[in-house]
S.K.: 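Please find one structure pasted underneath; my questions will follow.
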Amino acid sequence: MPELTFTLPPQYDPHAVEAPLYRRWQERGLFAPRADAEPYVVVIPPPNVTGVLHMGHGLNNTIQDVLIRFERMRGRAAEWLPGTDHAGIATQNVVERLIAKEGKTRFDLGREGFVARVWEFIRGTGPIILEQLRQIGCSCDWDRTRFTFDEHYTHAVREVFVALWEEGLIYRGHRVIHWCPRCLTALSDEEAESRETTGNLYHIKYPLADGSGSVTVATTRPETLLGDTAVVVHPDDPRGRPYLGKQVRLPIVNIPIPVLADESVDKDFGTGFVKVTPAHDPNDFEIGMRHKLEMPLIMTEDGHMGEGDGKTEGRKGESQRVPVELAGLDRFEARKKIVKMLEAQGLLVKVEPHHHAIRRCYRCDTVVEPRLSDQWFVKMKPLAEPVLAAYRRGEFAIVPERWRATFENWMENIRDWNISRQLWWGHRIPVFTCTKCKHRWADRADPQACPNCGGPLEQDPDVLDTWFSSWLWPFATFGWPERTADLARFYPGHTLVTAPEILFFWVARMLMAGYHFMGKKPFSTVYLTGTARDTQHRRMSKSLGNGIDPLDVVKLYGADALRWTLVGSGSLGADVILDPNDLETTFAPGRNFANKLWNIGRFILSQLPTQVTPIERVGRTQLTLADRWILSRAQATIREATASLEQFRLDEAAKTCFAFVWGELADWYVEAVKPRLSAGTEPTGSPSAAAQRAPAAAGDPVASRAAAQAVLSYCLDVALRLLHPVVPFITEELWQKLPGRGADELLPVASWPTTLKDLVNEVAERQFAFFQEGITKTRNVRSDYQIPPRQELIVHFLDATKDSAAGIASEKDTFERIGHLKLRFDPIGSHKGAATILRDGSEIFVVVDGVIDFDKQRNRLRSELSRLDHQIQKLAERLADPKFLSQAPAEIVDREREKERSWRRQHSTVFDRLHSIGG
RNA sequence: GGGCGAAUAGCUCAGCGGUUCAGAGCGCCUGCCUUACACGCAGGAAGUCGGGGGUUCGAAUCCCUCUUCGCCCACCA
C-alpha cells in the first residue's frame, strides 16, 4: 500500500504542536530577514517592560504577524523588530509600590539605589511580555530586540535632545502645566486625560474692601481661592463697571485683591465675575501675565494645602495665604472645609451641579492639579508642519482613512510638548548649569567643569518623558545616529500597526522625528486597530476586571484559535467585542475551524501515496468536472485572499480561505471524490459495488484516482499556505506531512501561492454550481418528506439547460453516492414547481426542475435590462450633446462611446437570455 | 462646544462605487455517531437592514433629519 503510515488523532491538540514548532522556526532562524530581497519592515509598538500581555497586544501583534508572515512568504526580507519601552512613570510606579511593601520609599533608597532597584526588577520582568508574544506565534526578528533604555538607544536620545537644543527647539518654560500630585511629576497635555464629570459650581461672595457690597464669583474649585490675586470681569459687561478698580477682600485669607477688566471672560457663564488663581489654572495664568499679578502657589506638590514652591525657580517667599486650620489638608478635604467656612460666614451664595471635564493622570488616574512650574518644552510647530504637508501629499497613509480629520486637526493645533518629568527612572536630561557663572547648556558628553569659567556644575535633576525616547523607535533601533547598514536597509519602514489611543503620543511624534532627523517618512502606512471591548462595549482593562488574558485562551484553545478569532471578528479598524464571561462562545469558531482543518488534512493525507504528481503535470483530460471546479475555485481563493491581504483586509482574507476549505473543499470536493479514491484500491474486475459504479464516466479508475490525489494534494497545499499567516501552527503541522516535503522545508518561508491561469475555468464553475443545486434540492425533498437517509431516491431531471445536464451527468457517480439516489434523465413534466414528490409504493420519485428558479432569474434579467436601457439612454443624450462633444477631451468622448457600445452589446445578450427562458 | 464612528437574524459581525443583496459564524429547531471531523453532517426557522423624509426606473447601500450608544478633541472659571 502506498498510503502514508502515520496516524493522526481525530482531534487537533494545539498544545502538543505549538511550542516545538515555534522552537524549530526560531532555531532555523526563519524570522531573520533574508539577505537577498527587498525589505518589508514593521517595528513593534514596544510594550512596557513591566507589562504583561493583554488583548490589545494580542490584537495588534497578531495583525502585525499576519502581515509580516504574508510578506515573508511573498519573498520579501521581512523584518519585524521587537522590543520594550522603559515606560518612565509606569515602571517607576510599579517599583515604588514594590518597595512600599518593604515599608520604604524611593527617597529611602536614594536616586542611584532606586534606579539600580528598577534595573534589577526589569531584568526579571522585561523578557516576560516578549516571551508571551512567542506563545501567540509572533515571528519577530528576536536577534534585533531593542529596549528604549539600551546604551545605544540612550545615546540616540541624548543626540536628539542636544540637536533640538542647538536648533533652538528646546526651551525652558515657566507656566501652568499638568501636575500629578501622586506621581509627583509634570505631565504632557496628552498624558492628562480629560474626562467628563459632574461636579459643583460654587457661587461665592467676595465682599468689597470698602464694605460697600460684594461681587459674586463662580468656581468649580473653591479651594483655589486661597491663591486668588484678582477678580476679573469682561470690560463690556455693565455688571462689572461699578466695581472696576475697586478692591475686594478675599474670603478666609482676608487680603485685598483688585477687580480688573479682562476680555477673556465669558459674559454668559456663571456670574460674569471670575476669580483668578494664576498659579493653579492655565487660563488664570495668562490673565495674571497680562495684569502682572502675583502668582502664589497654595498647594504642595503632593496636593495638600500649603506653600509649595515646587519647581518655581526664584519665586519663593510669597505671603502667607494658607491659614493654619487648612494647612496640610488634602485638596479635596480642604474644598469641603472651605465650603463650610464660607457657609458659616454667609459668603456661599449657592451650589449648583455642573458638568465639566476634569483631567486625570493617565498612569494612576489621580486628578491632575494645574500648577505653575518650570519645565523643558519642545517647539512642535516646526516639527509638525513637514509631516502635515507630507500627509497631504500622500507620502504616507493612515488606515482607516477616517482618522484623517482627527490627525490633521491635532497636527494643525499642535502645542508645545512638555518633556521634563520629575522622576528618577528615565533618560536624564543632559542640561548642565554652572553654579558659579550660571552658564546653562546641553551636552553630548558629561562635562566635568564649566567651559566658560571652570566652575562646578549641576545636571538638571529631571528625566525625559518616556515618549521622548519612543518617538525615535523606527530609526534609533537600527543604529541611528551612526550610519549603520541596518539603518540604510530598514529605514524607511512600511507598516505601523497600533492602537488609535497612541496616535498622538507616539505615531504623530514618530512621524515628526522621522522627517526631522532622517528627512524621510518612518513608514508608509499607519494601520490603526480597533479596541478590545467586552459585550457592554467597555474597554477591556485591569481596573474593570473585564479583560481576557490571551494566554488563558492559548491554554484553552490554542494560539491559532485566538488569532483566528481576533483576525476574523471585525473589519479593518473596527473594535473587537469579546465576552470575558464566555470564552467558549467567543473562541470556539477558531478552535472549530482548526479542528476542521486538522481533519480535512488528516483525511487527505491518509489518501495520498508517498509521491503525488504535481498538478501542473496531470493531464487535463484526466480531470473530472469536480476536479476542474475545485482547481478553479482554488485559483479564485488565491487571487481574492492575496488581494485582501494587500489591502489590509485580514478578516476578508480569512473568510475567503474559510469558505474555500470548509464550504468547498470539505463539503463538496472531498465528498465528490471519495468514490474515485476507493475505486482505485479495488483490484480490477472485483465484484464490489464501488468498482462496478466507478468506471462508468471516469474511464480508467487508477488514473482517475491519481488525478484526484493530485488535486487533493494541491488544494491542501494551497490552503495551508494561504492560511499560514493567520493560523501558523496547525498549517505548519499539516504541511510538514504532505508527501514529498523535504526535511528542511518550513512553511514560514515557503512561497506564497500564485494563480495558475489555465486552471481558471468558468464553465466548470457554472456546471458544478448546477450540480450543487441539484443535490441541495434533492436533499430538501428528502428532508421535507422525511425520507430515511439510506433510502434510495430516483431523481428525474428535466433537461432544462445544457449546463445542468452536462454538470450533473458528468458527476453522476458522485451525485448518486452523496444523495443516496438513482439518477435518470427524463424529458417529462412541466417546468412548474421546484420539486414534486410522488409516492409509488416503496419507491419515491422526485422531479427537480432543471435547478433554475426561473421566476427569480426572469426578474433579475428584467431589472438588468431596464437599468441598461436607462443608462444607454442617458449616455446617448450625452453623446448627442454638442457642448459635451466640443468641450470634453477626445479620450473621454472615445471612452464614453466605447462604453455605449459595450452597454448595447450587454443589452442584447441579456435580452436573448430573457427570451430563451420565456420572459 | 467641535469632530468622528456605530445602529443589518437572539448574539458577534460582513455587505455600503445601485447588476450578482439580504449574508457568515455562534445560538435555536428537525433528522443523522454516513469508514476525516458530533469541535461534525444534512435540512430548517429567524431580519419591513434604528425612525422619518428625499434623489432614482431601482436604495442596507447616496443625500437630509431625528433617536440611541460609543470614541476623540477643546482653558469656559
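Protein chains get the first letters and strands the later ones, always in sequence-line order, with residue 1 at the start of each.
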S.K.: For nucleotides B:G10 and B:G51, find the distance between their P atoms and express it as a whole number of Å.
M.R.: 14 Å
S.K.: Across all strands, who's sitting opposite B:A59 as a Watson-Crick or G-U wobble pair, both distances under 3.5 Å?
M.R.: none
S.K.: Pick the nucleotide of RNA chain B nearest each of A:D651 and A:F504; which residue has the one closer to the 5' end?
M.R.: A:D651
S.K.: Mind checking who B:G43 pairs with, Watson-Crick or G-U wobble, both distances under 3.5 Å?
M.R.: B:C29
S.K.: Can you find a pair of side-chain heavy atoms, one from A:L597 and one from A:W662, that are under 4.5 Å apart?
M.R.: no
S.K.: Consider only side-chain N and O atoms of A:K275 and A:T224, and report whether a donor and an acceptor are under 3.5 Å apart.
M.R.: yes
S.K.: Strictly by Watson-Crick or wobble contacts shorter than 3.5 Å, is anything paired with B:G1, and which nucleotide is it?
M.R.: B:C73
S.K.: Is any side-chain heavy atom of A:R533 closer than 4.5 Å to one of A:M540?
M.R.: no
S.K.: Rounding to a whole Å, what distance do you find between A:E412:CD and B:G3:P?
M.R.: 14 Å
S.K.: Taking atom P in both B:C16 and B:A74, compute the distance separating them and give it to the nearest angstrom.
M.R.: 34 Å
S.K.: In whole angstrom, give me the gap between the C1' atoms of B:A42 and B:A59.
M.R.: 36 Å
S.K.: From the list B:A77, B:A36, B:U12, which nucleotide is the closest neighbour of the side chain of A:I577?
M.R.: B:U12
S.K.: Considering heavy-atom distances to RNA chain B, does A:V576 or A:F658 have its closest nucleotide positioned more toward the 5' end?
M.R.: A:V576
S.K.: Could you check if a side-chain atom of A:L372 sits within less than 4.5 angstrom of a side-chain atom of A:P278, using non-hydrogen atoms only?
M.R.: no
S.K.: Which nucleotide, in any strand shown, forms a Watson-Crick or G-U wobble pair with B:G23, with both distances under 3.5 Å?
M.R.: B:C13
S.K.: Quick check for you: among B:A77, B:C13, B:A36, whose closest atom lies nearest to any side-chain atom of A:A666?
M.R.: B:A36
S.K.: When the C1' atoms of B:G52 and B:A45 are compared, how many Å lie between them, rounded to an integer?
M.R.: 31 Å
S.K.: What's the closest nucleotide to the A:R602 side chain, out of B:A14, B:A36, B:A74?
M.R.: B:A36
